[in-house]
Amino acid sequence: MYGTTHLAKNSFLKILSKTKRLISKSDHITVSGSVIPSPDRRWCGPEFKNDEYYLKSSENEARRLVEVLGCSENSKVLDVGCGQGRLPIGLLRIMSNLHYTGMDVNQKAIDWCNRYIAKSHPTFLFKHLDIYNERYNKQGKKTDEGYKLDTEDKSVDIVYLYSVFSHLEENDMRAYLSNFARVLKRDGKVFFTTFVEKDVPDITINPPDYRLKISGPLHIVRYNKDYLFSIVEEYGFSIIKFDHGLETDGQSGIYLKHS
């Protein structure tokens, strides 16, 4: 009887110890004065597990907005697909008075950003987008032509989306572009990435001949360059810069201006 009780007690203590370790494991760390997600919680490729690489990438994205899109401390930025705050972390390292709104379909990411960014920076807001996405949010609501982002008309200077359109169906991308045309000020700018090639079908979801290994639904949404450009022009945007294949996983960077 004693042996059985002793073993049961040891098993219970081991489970309790493991539970305490899991609970106490932090979801954030501080690097060079910035709070960032702990390595096990970061998205993107394995290189983002490196603290310095992650922080440098956040600064580079912030500088992209400043150097190419004219972002200043007076700008209002809308970040769709903000994740766990890679862009705002970088922005906060180079400027302080910016008005920023981040949106994402992942509730846990928004919770993290509210806990570690918005709490200390009142001009940085984060909102959950409960929108259906086969890859990231199957329980969300499907968009239609009348869908409206929770953002005022003509209130935004810059819209930023990194690796968002690369995982959306065309009708969802169009819904976003329609909203961007509504919320942007005159001459407002947009930056987004997706997979773009010449001499391919207008749009292909998870192309079987692609250079990357396909992993799950909507992993790669590839556009024909001319077709993609024709879509953005439908919504009143002009192309101001196009960087082919220079972004993550060979995505292209597209810079737009709204007239």
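Note: hydrogens, waters and symmetry copies are ignored here, and every other heavy atom, side chains too, is used.
The stretch residues 99-123 participates, sequence neighbours left out, in these salt bridge (Lys or Arg N to Asp or Glu O under 4.0 Å) pairs: Asp27-Arg115. Residue pairs satisfying the salt bridge (Lys or Arg N to Asp or Glu O under 4.0 Å) criterion with at least one member in residues 201-223, sequence neighbours excluded, are listed as follows: Glu197-Arg211, Asp209-Arg222. Pairs engaging residues 61-107 under the ring-ring contact (aromatic ring centres under 6.0 Å, His included) rule: Tyr100-Phe124, Tyr100-Phe126 [sequence neighbours left out].
Counting heavy atoms from C-beta outward, Thr151 and Asn179 have side chains that stay 4.5 Å or more apart. Side chains of Phe195 and Ser252 form no contact here, defined as non-hydrogen atoms less than 4.5 Å apart. Here the side chains of Leu87 and Ser58 are not in contact, with every heavy-atom distance at 4.5 Å or above.
Contacts of Tyr53 classified as ring-ring contact (aromatic ring centres under 6.0 Å, His included), with partners at least two apart in sequence or in another chain: Phe48. With sequence neighbours excluded, no residue forms a salt bridge (Lys or Arg N to Asp or Glu O under 4.0 Å) with Glu73. In terms of the salt bridge (Lys or Arg N to Asp or Glu O under 4.0 Å) criterion, Arg135 has no residue partners (sequence neighbours excluded). Remark: Asp226 pairs with no residue by the salt bridge (Lys or Arg N to Asp or Glu O under 4.0 Å) rule, at least two apart or across chains. Residues that satisfy the salt bridge (Lys or Arg N to Asp or Glu O under 4.0 Å) test with Asp130, not counting sequence neighbours, are absent from this structure.
A donor-acceptor contact closer than 3.5 angstrom is absent between the side chains of Arg174 and Asn171. With hydrogens and angles left out, the side-chain atoms of Arg186 and Ser259 include no donor and acceptor closer than 3.5 Å.
Aromatic ring centroids of Phe192 and Tyr255 lie 6.0 Å or more apart. Aromatic pair Phe229/Phe242: ring centres closer than 6.0 Å.
Members clustered with Tyr132: none, using a 4.5 Å side-chain heavy-atom cutoff among hydrophobic residues. By the 4.5 Å side-chain criterion applied to Ile, Leu, Val, Met, Phe, Trp and Tyr, Val200 is assigned to no cluster and stands alone. Counting side-chain heavy-atom gaps under 4.5 Å among Ile, Leu, Val, Met, Phe, Trp and Tyr, Leu125 is found in no cluster with other residues.
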Expected list for residues 155-165: side-chain donor-acceptor pairs under 3.5 angstrom, two or more places apart:
residue, atom, partner, partner atom, Å
Ser155, OG, Glu152, O, 2.7
Asp157, OD1, Lys185, NZ, 3.4
Asp157, OD2, Lys76, N, 2.8
Asp157, OD2, Lys185, NZ, 3.4
Tyr160, OH, Glu61, OE1, 2.6
Tyr162, OH, Glu247, OE1, 2.9
Tyr162, OH, Thr248, N, 3.1
Tyr162, OH, Thr248, OG1, 3.1
Ser163, OG, Ser166, OG, 3.3
Ser163, OG, His167, NE2, 3.3
Ser163, OG, Gln251, NE2, 3.1

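Seen from the ring of Phe191, Arg64 counts as a face-on cation partner, given the 6.0 Å and 45° thresholds.
There is no path of hydrophobic side-chain contacts, each under 4.5 Å, that joins Val68 to Leu246.
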